[in-house]
Every structure is written in C-alpha cells, then in structure tokens.
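Structure first, then comments.
Note that the structure is a prediction, hence the values are computed from the model and not measured. Here is how names work: the chains are called A, B, and so on, in the same order as the sequence lines, proteins then strands, and each is numbered from 1.
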Amino acid sequence: MTQHPRTRETALHDWDLAPKEAIALQRTLAGRLIREDALGEVKHIAGVDIGFEDGGDTTRAAVVVLSWPGLAPIEQVVARQPTRMPYVPGLLSFREIPAALAAFERLDSRVDLVMVDGHGIAHPRRLGVAAHLGLWLDLPTLGVAKKRLTGRHGEVPEGRAESTDLMDGDERIGVVLRSRAGVKPVFVSPGHRLSVDSARTWAVACLGRYKLPEPTRLADRLASRR
DNA sequence: GCGACAG
DNA sequence: ATCTTGTCGC
C-alpha cells in the first residue's frame, strides 16, 4: 500500500512512449539500479507472473505472496487491465508493468523480495521486467526466465542446482540454472537491490520439486486457471 | 543485409 | 504469449 510510493504519482508516464523514447528511458533507469544486496530481513516473498488474454488485448498480472522460510502461499491477487503497448522484444516491461503495479496495490501483505517471471538485468540495456518493476516498487527483485534474451553461456552441468554464468562480453549478468535434473535450465538474474550471487542463491533456495521456483510457479499456476 | 528476439 | 493430443517415464 504505502511501500511503493512512486506508483500513484507517476503511473501514467513510463508507458505511452514511442520505442525510441522507451529505449532512452531504459538506459536512464538502468543507471539507477542498485546492483548490490540491499534487503532487510525476508519474511515474505512475492512471485509475479504477467501474461496476456484476448489475443493480447488484456494484460493479466498474478501475484502470490509466500512465507519465508516455508514457502507457503499466504495471499494472492490477479489484476486485469486493457493492454496499452504492443509487444516489442526488449520493451516487454512497458507492456507488462502497469498490470503488475495494479496487483501490488491490492496486496495487503508487506513484501520483502520479489521474484518475477522474466529477466532482470539479463537484458540488452540491463532493464528487463524484473529490474524495471523493482525500481517502481523500490523492492529487491530477481528475474527467472524460461528463455534466453541476451548473453552467452557454456554447457550447464546436469545436476540439480548447478549453474553456469550468463555473460554479456565481460559482464556477468546472471546465471543459467539447472533447477531440476533432466529439464532445460532457467535464466536467473538480479533486478533491483540484489547481486547476481544473491539472485542465484534465492532462486535455489526457493526451489521445490518442480522446474520453476515456488514463487513464480505458484503465480504461473494462479494465472493459468480461470 | 541476415538472424535473434523475455512474455 | 497462444494455438493443441497423445505419450513416455518416474
């Protein structure tokens, strides 16, 4: 409610931008990211999944709040809104964030850490949806994506919880994590107020018996059942 | 110019 | 993201 003061005042201006302006804004915002750990005691973790309905006309954000440790769901919200922007690779956050903010506004729980379905800084301009959302909420965030957007990596060891660095040139922008033995790895990167190592640690700590970590997995499941 | 391209 | 059945395997 009052944990994300920027929401109410400026919710009407990141969107409605032409691609060129959006890209310029991304560079500015990326410069404001805190790339080190800046999080307090973690009691609640939110999982976020944003998707689309009606052929893209409606944006749907699902948020599940889980206890930590324990990873038991304690609150969940689904928000739907008319979609404002088209899908452009690299500008996904502009399309997804408005609905996510609406969902967070309806949350009663205080959230300490946010895990988003999508990338954090593993993005061409270091502003994937998890990073962008982190700035808006002013909360520590990390992204867990199912597909690569940018960066290069070597083979990922087969064992559960093993990983390989995701590199963009000399910069380590995340890790490619084998969340379960025998499944395609996921792409983990920090968003705001988190280091790459901590993003990896939290992603692993939230693993259950499935491919996706519990927060994102439960948000996914909540979103995909009507 | 030719691919690549989160959700 | 979404369109979609069965099928192999723990």
Side-chain angles (χ1 to χ4, degrees), chain A residues 14-15 19-20 22-23 25-26 29-30 33 46-64 78-103 114-136 141-153 158-160 166-169 173-192 196 199 203 208-213 215-226:
Chain A
D14 272 15
W15 353 111
K20 187 176 179 179
I23 288 172
L25 177 59
Q26 286 184 322
L29 294 178
L33 291 172
V48 181
D49 175 75
I50 307 151
F52 302 90
E53 301 174 346
D54 311 327
D57 292 344
T58 300
T59 306
R60 174 213 346 93
V63 179
V64 177
V78 177
R80 289 184 170 81
Q81 288 192 347
T83 303
R84 309 185 187 200
M85 293 189 62
Y87 172 65
V88 179
L91 299 181
L92 182 65
S93 64
F94 293 88
R95 181 169 158 91
E96 294 193 332
I97 286 184
L101 295 179
V114 181
M115 180 183 292
V116 184
D117 186 338
H119 292 285
I121 63 168
H123 174 281
R125 291 167 296 279
R126 306 293 177 266
L127 201 80
V129 59
H132 199 168
L133 184 61
L135 288 171
W136 274 87
T141 56
L142 70 150
V144 177
K146 295 180 280 299
K147 294 194 292 190
R148 188 195 70 95
L149 173 60
T150 194
R152 298 173 54 81
H153 66 88
E158 291 300 324
R160 179 193 141 112
L166 180 62
M167 305 293 295
D168 189 353
I173 56 176
V175 299
V176 189
L177 173 71
R178 188 81 64 184
S179 51
R180 265 197 83 179
V183 300
K184 301 208 65 172
V186 295
F187 297 79
V188 178
S189 61
H192 189 39
V196 171
R209 56 168 297 199
Y210 303 93
K211 168 175 175 170
L212 295 180
T216 320
R217 189 198 134 239
L218 292 178
D220 257 322
R221 198 162 64 86
L222 171 63
S224 61
R225 67 178 188 195
R226 303 214 70 181

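Regarding A:D54, its CG atom lies at a distance of 12 Å from the C1' atom of C:dA1, rounded to whole Å. Atom pair A:E53:CD and C:dA1:C1' shows a separation of 11 Å (rounding to whole Å applied).
No contact: A:R180 has no heavy atom under 4.0 Å from any strand. A:R148 comes within 4.0 angstrom of the backbone, heavy atoms only, and of no base. Within the 4.0 angstrom heavy-atom criterion, base atoms lie near A:L91. A:V88 comes within contact range of no nucleotide atom at all, as no heavy-atom separation falls under 4.0 Å. Among the protein residues, A:G56 comes within range of no part of the nucleic acid, since none of its heavy atoms lies under 4.0 Å from any strand. A:I50 comes within contact range of the sugar-phosphate backbone alone, with a heavy-atom separation under 4.0 Å but no base atom that close.
Put simply, the side chain of A:T150 does not reach to within 4.5 Å of the side chain of A:L166, judged on heavy atoms.
Protein chain A touches strand DNA chain B; the 5'-most and 3'-most nucleotides with an atom under 4.0 angstrom of its non-hydrogen atoms are B:dA4 to B:dG7.
Checked by atom type and distance alone, the side chain of A:R95 pairs as donor or acceptor with a backbone atom of A:M85 at under 3.5 Å.
Partner of A:D168 under the salt bridge (Lys or Arg N to Asp or Glu O under 4.0 Å) criterion, out of A:R152, A:R125, A:R126: A:R126 alone.
Taken from OG1 in A:T59 to CD1 in A:I50, the straight-line distance is 9.0 Å, to the nearest 0.5 Å. Within the model, atoms NE2 of A:H119 and CD1 of A:I173 stand 8.5 Å from one another, a figure rounded to the nearest 0.5 Å. Of the inter-residue distances, the one linking A:L142 atom CG with A:I121 atom CD1 reads 11.5 Å to the nearest 0.5 angstrom. Separating the CZ atom in A:R60 from the OG1 atom in A:T83 is a distance of 10.5 Å, to the nearest 0.5 Å.
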For nucleotides 6-9 of chain C, give me every protein contact, N/O to N/O, under 3.5 Å, one pair per line with atom names.
none

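Between A:D117 and A:K146 there is a salt bridge, since at least one side-chain N of the basic residue sits less than 4.0 Å from a carboxylate O of the acidic one.
Base pairing in DNA chain B gives no stem of 3 or more Watson-Crick or G-U pairs under 3.5 Å.
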